[in-house]
Protein chains: 2
Amino acid sequence: MAQVQTRMTRQRAVILEELRKTKTHPTADELYSIVRERLPRISLGTVYRNLDFLADSGEIRRLEAAGSTKRFDGDISRHQHVRCVHCGRIGDVMTPREAPSVDGMDVEGFASVLNSRIEYDGICQDCAGRVRSTSH
Amino acid sequence: MAQVQTRMTRQRAVILEELRKTKTHPTADELYSIVRERLPRISLGTVYRNLDFLADSGEIRRLEAAGSTKRFDGDISRHQHVRCVHCGRIGDVMTPREAPSVDGMDVEGFASVLNSRIEYDGICQDCAGRVRSTSH
DNA sequence: CTGCCTGCAAACTGTTTGCACCAGG
DNA sequence: CCTGGTGCAAACAGTTTGCAGGCAG
């Protein structure tokens, strides 16, 4: 169950460092272009592999958010997210409400309920501006 | 802004009917194979187009759930979902907790917060059985 | 040295779209 | 009829993976 071995390659280190530095909850692609400025020859596959690795080992968080593209967060402290319904961008909620307990919850067809989470939908400032100018 | 015109084709009717009949919150693909039993020549593209259409016109609900594959719900009443962390399957929560209000919520970078929703993670019975037998 | 990790490219999955024909109202 | 909807296939976007060589420890 524990990791057999871990190699801190330059790629892995830079990915982790840049993810922790940014506050934008980037997709793998976005992080790829950020990291490429420091490691021009890194491949997208490596970014994916390391994001998976880092998420599995608990150093970063895979966001369980709606939307087609996965996003990642270098901040693993417990906090909640707003997601822009137009572009999928994610922001941090500063004053989180308590998510309800799942103790004793019983759902048909489910063996167990592990935890709950509050998700917020919103409109980010960029999209708000864009909608105002576009007829939509 | 209103729909210009709407044609209730056989395909659209069957898709809507089958989606309302099932309780499994199917993906487009799953619904495709259900519908194909009645309309063997229907195309997957048509299923996607109609799911989009029906969701936009409010007759069905696109589930804003985590996971890579979109799922749809023929039940548009307000209720909450548990999602299996292994297979993505979705179940209905029978006794929903109230989702917190978003009045006056302010998030940096966001113009507005529209609504909140509680999501539950769980393990469905199928996966629970499978995990027990597999070493994982 | 050893074998985990990388770059590269091809493969895959889920979804969208262009086009010519079809059929609902 | 007329124009939205359909089937089909090709195109896309995001992600995963096989392979040969590279580098961390």
Side-chain angles (χ1 to χ4, degrees), chain A residues 2-19 25-57 59-60 62-72 83 86-90, chain B residues 2-19 25-57 59-60 62-72 83 86-90:
Chain A
Q3 292 146 223
V4 187
Q5 220 186 94
T6 295
R7 237 171 242 193
M8 186 45 68
T9 59
R10 178 139 179 67
Q11 289 86 334
R12 182 166 298 168
V14 171
I15 287 169
L16 183 53
E17 198 183 315
E18 292 296 333
L19 183 56
H25 312 84
T27 64
D29 241 58
E30 288 163 356
L31 193 56
Y32 174 50
S33 56
I34 292 171
V35 166
R36 226 179 344 175
E37 291 178 19
R38 293 175 57 186
L39 303 172
R41 298 197 55 75
I42 198 174
S43 78
L44 183 55
T46 296
V47 174
Y48 274 107
R49 277 184 288 231
N50 275 302
L51 286 172
D52 274 351
F53 178 93
L54 292 168
D56 288 348
S57 61
E59 305 204 63
I60 66 174
R62 229 186 303 260
L63 296 190
E64 296 288 345
S68 47
T69 312
K70 277 173 196 147
R71 290 178 174 272
F72 297 85
R83 179 174 163 279
H86 282 105
C87 70
R89 194 171 314 195
I90 286 178
Chain B
Q3 288 147 226
V4 188
Q5 219 185 95
T6 296
R7 245 172 236 188
M8 185 47 68
T9 60
R10 177 138 181 73
Q11 290 87 334
R12 183 167 297 166
V14 171
I15 288 169
L16 183 53
E17 196 183 316
E18 292 297 333
L19 182 56
H25 312 83
T27 64
D29 240 60
E30 287 163 359
L31 193 55
Y32 173 50
S33 57
I34 293 170
V35 166
R36 226 176 347 172
E37 290 177 20
R38 292 176 56 187
L39 303 173
R41 300 195 53 76
I42 197 172
S43 79
L44 183 54
T46 295
V47 174
Y48 274 107
R49 276 183 288 229
N50 275 302
L51 286 172
D52 275 350
F53 177 92
L54 292 168
D56 287 348
S57 60
E59 305 205 62
I60 66 173
R62 226 188 306 260
L63 296 189
E64 296 287 345
S68 48
T69 312
K70 278 173 195 147
R71 290 177 173 273
F72 298 84
R83 180 174 162 281
H86 281 104
C87 68
R89 193 171 317 196
I90 288 179

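Order of the sequence lines sets the chain letters (A, B, ...), proteins ahead of strands, with each chain counted from 1.
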Check your understanding: Under the side-chain contact (heavy atoms from CB on, under 4.5 Å) criterion, do B:Phe72 and B:His25 qualify, and how do the steps go?
Key -> CA-CA 5 Å; B:Phe72 298 84; B:His25 312 83; over 6 Å; no
**Study point:** Verdict with reasoning, A:Asp56 to A:Arg62, per side-chain contact (heavy atoms from CB on, under 4.5 Å)
**Key:** CA-CA 9 Å; A:Asp56 288 348; A:Arg62 229 186 303 260; 2.6 Å; yes
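Rounded to whole Å, the distance from OH on B:Tyr32 to P on C:dT16 is 16 Å. In this structure, CG of B:Leu63 is placed 16 Å from C1' of C:dG14, rounded to the nearest angstrom. Atom CG of A:Asp56 and atom P of D:dT16 are 11 Å apart (whole Å). Per the geometry, CG belonging to A:Asp52 stands 13 Å off P belonging to C:dC5, to the nearest Å. Rounded to whole Å, the distance from CG on B:Asp29 to C1' on C:dT16 is 14 Å. One atom, CG of B:Leu39, and another, P of D:dG5, lie 16 Å apart when rounded to the nearest Å. Computed from coordinates, the A:Phe53 CZ to C:dT6 P distance equals 9 Å when rounded to whole Å. If you take CG of A:Leu54 and P of C:dC5, they are 11 Å apart, rounded to a whole angstrom.
When all heavy atoms are compared, the tightest approach of B:Tyr32 to B:Ile42 is CE1-O, 3.5 Å. Here the closest heavy-atom approach between residue B:Ala28 and residue B:Leu44 is recorded as O-CD1, 4.3 Å. Considering all non-hydrogen atoms of both residues, B:Ser33 and B:Glu30 come closest at OG-O, 3.0 Å.
Distance from the side chain of B:Leu44 is smallest for C:dT15 among the nucleotides D:dG5, C:dT15, C:dG7. You'll find that the side chain of B:Tyr48 is closest to C:dT16, out of D:dT16, C:dT16, C:dC5.
Within the structure, every side-chain polar atom (N or O) of A:Arg12 is placed at least 4.0 Å from both OP1 and OP2 of C:dC4. Neither OP1 nor OP2 of C:dG24 sits under 4.0 Å from any side-chain N or O of B:Gln11.
Checked by atom type and distance alone, the side chain of B:Arg12 pairs as donor or acceptor with a backbone atom of B:Arg7 at under 3.5 Å. A donor-acceptor pair under 3.5 Å links the side-chain atoms of B:Arg71 to the main chain of B:Gly88, judged by distance alone.
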Could you list, one pair per line, each protein nitrogen or oxygen that sits under 3.5 Å from a nitrogen or oxygen of nucleotides 18-24 of chain D, together with the distance?
unit_1 : atom_1 : unit_2  : atom_2 : d
D:dG18 : O6     : A:Arg49 : NH1    : 3.3

For nucleotides 9-11 of chain D, list the nitrogen or oxygen atoms of the protein found under 3.5 Å from its nitrogen or oxygen atoms, one pair per line.
none

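Note: B:Ile90 CD1 to B:Leu63 CG = 5.0 Å, rounded to the nearest 0.5 Å.
Across its full length, the helix from C:dC1-D:dG25 to C:dG25-D:dC1 shows an angle of 40° between the axes of its 5 terminal pairs at either end, rounded to 10 degrees.
Each of B:Val47, B:Leu19, B:Val35, B:Thr9 was checked for a side chain to side chain contact (heavy atoms under 4.5 Å, CB included) with B:Val14, and the lone residue meeting it is B:Val35.
Using a 4.0 Å heavy-atom distance criterion, B:Asn50 is classed as a sugar-phosphate-only contact.
Residues satisfying the salt bridge (charged side-chain N to carboxylate O under 4.0 Å, His left out) criterion with B:Arg36, sequence neighbours excluded, are absent altogether. Evaluation of the salt bridge (charged side-chain N to carboxylate O under 4.0 Å, His left out) rule for A:Arg89 yields A:Asp126 as partners, not counting sequence neighbours. Listed by chain and residue number, B:Glu17, B:Glu18 satisfy the salt bridge (charged side-chain N to carboxylate O under 4.0 Å, His left out) test with B:Arg38 (two or more places apart in sequence, or in another chain).
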